[in-house]
There are 2 protein chains.
Amino acid sequence: MKDVAELADVSVTTVSHVLNKTRYVDRSLVRRVETAVKSLGYQPNALARGLRRKETRMLGMVVPDNSNPYFAELARSIEDACFECDYNMILCNSDEDPTKERAYLSLLVEKRVDGIVFVASGNDRSGVQAVLQQKIPLVVLDRELKDTKCDSIVVDNRAGASRATQHLIDGNHRRIGCVGGPINLVAARDRLQGYQDAFTKARLRVDPKWIQPGDFHIEGGYTAVQRLLDLPNPITAIFAANDLMAIGVLRGIGARGLRVPEDIAVVGFDGISLGKYTQPPLTTMAQPIREIGKLATELVLSRVNGERKEPRIHRLETSLVVRISCGTATQKRAGAKRET
Amino acid sequence: MKDVAELADVSVTTVSHVLNKTRYVDRSLVRRVETAVKSLGYQPNALARGLRRKETRMLGMVVPDNSNPYFAELARSIEDACFECDYNMILCNSDEDPTKERAYLSLLVEKRVDGIVFVASGNDRSGVQAVLQQKIPLVVLDRELKDTKCDSIVVDNRAGASRATQHLIDGNHRRIGCVGGPINLVAARDRLQGYQDAFTKARLRVDPKWIQPGDFHIEGGYTAVQRLLDLPNPITAIFAANDLMAIGVLRGIGARGLRVPEDIAVVGFDGISLGKYTQPPLTTMAQPIREIGKLATELVLSRVNGERKEPRIHRLETSLVVRISCGTATQKRAGAKRET
DNA sequence: GACGCTTGCGCAATCGTTTGCTCAAGTTTC
DNA sequence: GAAACTTGAGCAAACGATTGCGCAAGCGTC
């Protein structure tokens, strides 16, 4: 920048003002500066600027694993929203490891990101507290941290799971298995609860053996479905607490030589885009992934810009996407989208 | 930091040296500094440090779309390698748009990342040139930029595609369709060439109608396979130039009521982890994704640390992963891994 | 006891920007 | 024509770390 100033024969102050259009500068000087910038191939140093301005135009995002399609799509939507606002996104994979989580949060604070989008995996709150203490805006996704003063965005897991299960019941299924998620996650517990709600509402009973624990990964769905298929009085449908496990379920059923939906109906949860092309296409309770990303970014950036609203929990609705795997695609249901 | 120094009653110099262990400091002072750091909740400012040290411990990565499983896994492997070395990764989605590519590269330069891992989508070289001109280490993935002085990592697409096709020929298929990628990508052209090589080597002819253009996305595979299935003299096997299209192919075949591998055999390319759980599991020519990520990071960081070797093209081998979709899983082949 | 070495620490410059303050020149106003 | 504004631009002090250099005290040597 000093070089630019020298070449254009003006002060660095003027160069700065020209670059930022932050005060009036004579046209001829502007031109001189601009040609100097071009000829030197000058690019401003964001570090120095950030140091002075106390902003970095970077957001941190920490997810358990960005190669999980759900988080991949979430990260993508956040990154898009960042790009819109000339922000960059630092991506961190926590592997659901509280130690890594804390390490990353601390690193992000050191890097002085303007805000953080955090998909918490465990129950550890110390890392988040440390961030908030530094007055860095943070929004938690997929999880409500009680007694913690920060925004969070969640979907109505319980209602969604209930409606998904309801859909199977409406399809005349009575013995419906559930492949649940890790019980330490509220999201998983809520979805399990929703599954049970649907039975209660329909005045049906659920056999505890129908409920199989999973891990929110494909493998978990694959192994869990084996146990369900081994049941003496086998189930006729399965609600998987997320799409990844649903994919494992589909594969597990296929490996047994059974067919979906003729032999077993399957419904998932999340609405990852891959579900459109599973074999058969997956009926699922979709989360509004792009909206979540957009809202998260807006929330963080509004606080970056001085917003002082009381933090709150934003609860979004899910929507049923009916495809083939549930076997009721021909049946019309209010509020459910059908896809080809 | 000034506060810490004051509280510990030492100079900022000493605080700095204690924090970085960069010179001997008396034990009692060290303790005073450490307690001061704790009690103030002090976290160093990476901006200031970076400004002075001229390093940010951040790498930039630009990919076409991080929700594409292949890039997701690639990004993941790079991020892992970064974490190992206490680096952070800024993730950018170019959408294969040269304008966005340039915008991101320029932003990364401004942010003064220490290095860049770049998955080029088009042929645009101006952005890369600008980066190299600023002496920022950059490694290009998946693509060799001719006459450009930077490292690149590619797999042997042609040989890989040839072996994949060969595998189908060995399975007694003679009429094998090919769902190719966007012809502006060398990777796509090479794989197409490899497909043809296999025929030449087997002294067979390939009917031009068997070759259908695709887009490296699921949809492209889905629509391309329709055209192949409509052929008057239908094909019995398909080589898809990447796994995503192979998934579309599987679904397209399924939608027709045909079965894989009984009616049509399918082989993909990339080795994304999802392939293990498609219906049926996908035989594929796998890229060593994790090695690519590791090597890319090593290459970049070695140059960050002053390495001055002549840039070169690193060519990695692919490996055939035989699963169910090719219909020859029972057949033993040298050099091919079989999975359960 | 003077000299030189070693040891342990602080001073102050520096990294590359932004920005409050100042100031000269030009323009009104009365 | 002098006082009071206005206008356009530069000076220099931050921002928060790192680091070359220097200094004082302690110690050994002759």
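Chain identifiers are assigned alphabetically (A, B, ...) following the order of the sequence lines, protein sequences preceding nucleic acid strands; residue numbering begins at 1 within each chain.
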Check side chain to side chain contact (heavy atoms under 4.5 Å, CB included) between B:Val37 and all other residues, then give those that pass, not counting sequence neighbours. B:Val4, B:Leu19, B:Val33, B:Tyr42

Rounded to whole Å, the CG-P distance (A:Asp3 to C:dC15) equals 11 Å

Any residue meeting side chain to side chain contact (heavy atoms under 4.5 Å, CB included) with B:Arg52, in chain and number order, not counting sequence neighbours: none

How would you list all residue pairs meeting salt bridge (charged side-chain N to carboxylate O under 4.0 Å, His left out) that involve residues 15-42 of chain B, not counting sequence neighbours? none

Residues touching DNA chain C, which here means a heavy atom under 4.0 Å, drawn from residues 31-38 of chain A: none

Got a salt bridge between A:Arg57 and A:Asp86, using NZ or NE/NH1/NH2 to carboxylate O under 4.0 Å? no

Report the C-alpha distance between B:Ser11 and B:Thr14 in whole Å, list the side-chain angles of each, state the deciding distance to 0.1 Å, and finish with yes or no for side-chain hydrogen bond (donor to acceptor under 3.5 Å, both in side chains). CA-CA 5 Å; B:Ser11 70; B:Thr14 299; 3.3 Å; yes

Under the salt bridge (charged side-chain N to carboxylate O under 4.0 Å, His left out) test, residues paired with A:Asp114 that sit two or more places apart: none

The residue among A:Arg143, A:Arg102, A:Lys100 that forms salt bridge (Lys or Arg N to Asp or Glu O under 4.0 Å) with A:Asp124 is A:Arg102

Each nucleotide N or O in nucleotides 19-25 of chain C that has a protein N or O under 3.5 Å away: list the pair and distance.
unit_1: C:dT19; atom_1: O4; unit_2: A:Thr13; atom_2: OG1; d: 3.1

Report the residue (A:Val15 or B:Asp9) whose heavy-atom-nearest nucleotide on DNA chain C is the more 5′ of the two. B:Asp9

Between the two ends of the helix from C:dG1-D:dC30 to C:dC30-D:dG1, what is the bend in degrees, rounded to 10 degrees, where each end axis spans five pairs? 50°

Distance in angstrom units between B:Leu51 CG and C:dT18 P, rounded: 12 Å

Show the atom names and distances, to 0.1 Å, of all donor-acceptor pairs under 3.5 Å that link a side chain in residues 288-300 of chain A to residues at least two apart or in another chain.
unit_1: A:Arg290; atom_1: NH2; unit_2: A:Asp80; atom_2: OD2; d: 2.7
unit_1: A:Thr297; atom_1: OG1; unit_2: A:Gly293; atom_2: O; d: 2.8

Please name the residue in the list B:Val63, B:Leu141, B:Val139, B:Leu105 that meets the side-chain contact (heavy atoms from CB on, under 4.5 Å) test with B:Phe118. B:Leu105

Rounding to a whole Å, what distance do you find between A:Arg57:CZ and C:dT18:P? 13 Å

Bounds of contact between DNA chain D and chain B, in 5' to 3' order, using a heavy-atom cut-off under 4.0 Å: D:dG16 to D:dC21

How would you label the contact of A:Leu29 with the nucleic acid (heavy atoms, under 4.0 Å): base, sugar-phosphate, or nothing? sugar-phosphate

Looking at residues at least two apart in the chain, or sitting in another chain, which of them share a side chain to side chain contact (heavy atoms under 4.5 Å, CB included) with B:Leu7? B:Ala36, B:Ser39, B:Leu40

Set of residues satisfying salt bridge (charged side-chain N to carboxylate O under 4.0 Å, His left out) with respect to A:Lys111, sequence neighbours excluded: none

Interatomic distance where CD belongs to A:Gln43 and P belongs to C:dT17 [whole Å]: 11 Å

Minimum side-chain heavy-atom gap B:Gln287-B:Asp142 below 4.5 Å: yes

Can you name the ring-ring contact (aromatic ring centres under 6.0 Å, His included) partners of B:Tyr104, sequence neighbours left out? A:Phe83

In whole Å, what is the span from the NZ atom of B:Lys111 to the P atom of C:dG16? 18 Å

Given C:dG16, is OP1 or OP2 found less than 4.0 Å from the side-chain N or O atoms of B:Lys54? yes

Whole Å only: how far is the CZ atom of B:Arg27 from the P atom of C:dG8? 13 Å

